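These notes are about the structure you will find just below.
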Amino acid sequence: MMRIVLFITILVSALTGPLVFAICLGVLYAFLYTAYELLILAMIVDVYYFQGEIPYHLLGTILYLFVLEWLKPRLLFKSS
């Protein structure tokens, strides 16, 4: 339930509020959950703000998720 509420908060803040707040929440969301739905959100933000021909938000999100998924197993403690 918390995952859905956090994603909706990111979506609303990305489209109506300051984008920096949405980015901070997105970083937290991606670290807590497997956050492939942030790719859809990045596409929506790119279409909404349309800053040119290169989708900067989408490319940044793909790079961030790739690095985070690579780093996650290395950041977690092994208890056994």
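Given the structure is predicted, the values throughout are model-derived calculations rather than measurements. What you see below is based on every heavy atom in this structure, not just the backbone, and it leaves out hydrogens, waters and symmetry mates.
Shortest non-hydrogen contact noted between A14 and Y49 is O-OH, 3.0 Å. Summarising the geometry of L68 relative to A30, their closest heavy-atom pair is CD2-O, 3.1 Å, with the distance given to 0.1 Å. Looking at every heavy atom in both residues, P55 comes nearest to D46 through CB-OD2, 3.3 Å. Among all heavy-atom pairs drawn from K72 and F31, the shortest one is CE-O, 3.4 Å. In this structure, L39 and L58 approach most closely via the heavy-atom pair O-CD1, 3.7 Å.
In the hydrophobic clustering of ILVMFWY residues, with side-chain heavy atoms under 4.5 Å counting as a link, V12 and V20 come out apart. Cluster membership for Y36 and L59, using ILVMFWY side-chain heavy atoms within less than 4.5 angstrom, is not shared. Residues L25 and M2 share a single hydrophobic cluster, defined by chaining ILVMFWY side chains whose heavy atoms lie under 4.5 Å apart. Under the 4.5 Å side-chain heavy-atom criterion for ILVMFWY residues, no single connected hydrophobic cluster contains both L41 and Y56. With hydrophobic clusters built from ILVMFWY side chains whose heavy atoms lie under 4.5 angstrom apart, L32 shares a cluster with W70.
Atom OH of Y33 is separated from atom CG of L28 by 8.0 Å, given to the nearest 0.5 angstrom. The CG atom of L6 sits 11.0 Å away from the CD1 atom of I4 when rounded to the nearest 0.5 Å. One distance of note links CD1 of I44 with CG of L38; it measures 11.0 Å at 0.5 Å rounding. In this structure, SG on C24 lies 10.0 Å from CG on L19, to the nearest 0.5 angstrom. In this structure, OG1 on T16 lies 10.0 Å from CZ on F21, to the nearest 0.5 angstrom.
Just one of T61, L63, I62 meets the side chain to side chain contact (heavy atoms under 4.5 Å, CB included) condition when paired with L65; it is T61.
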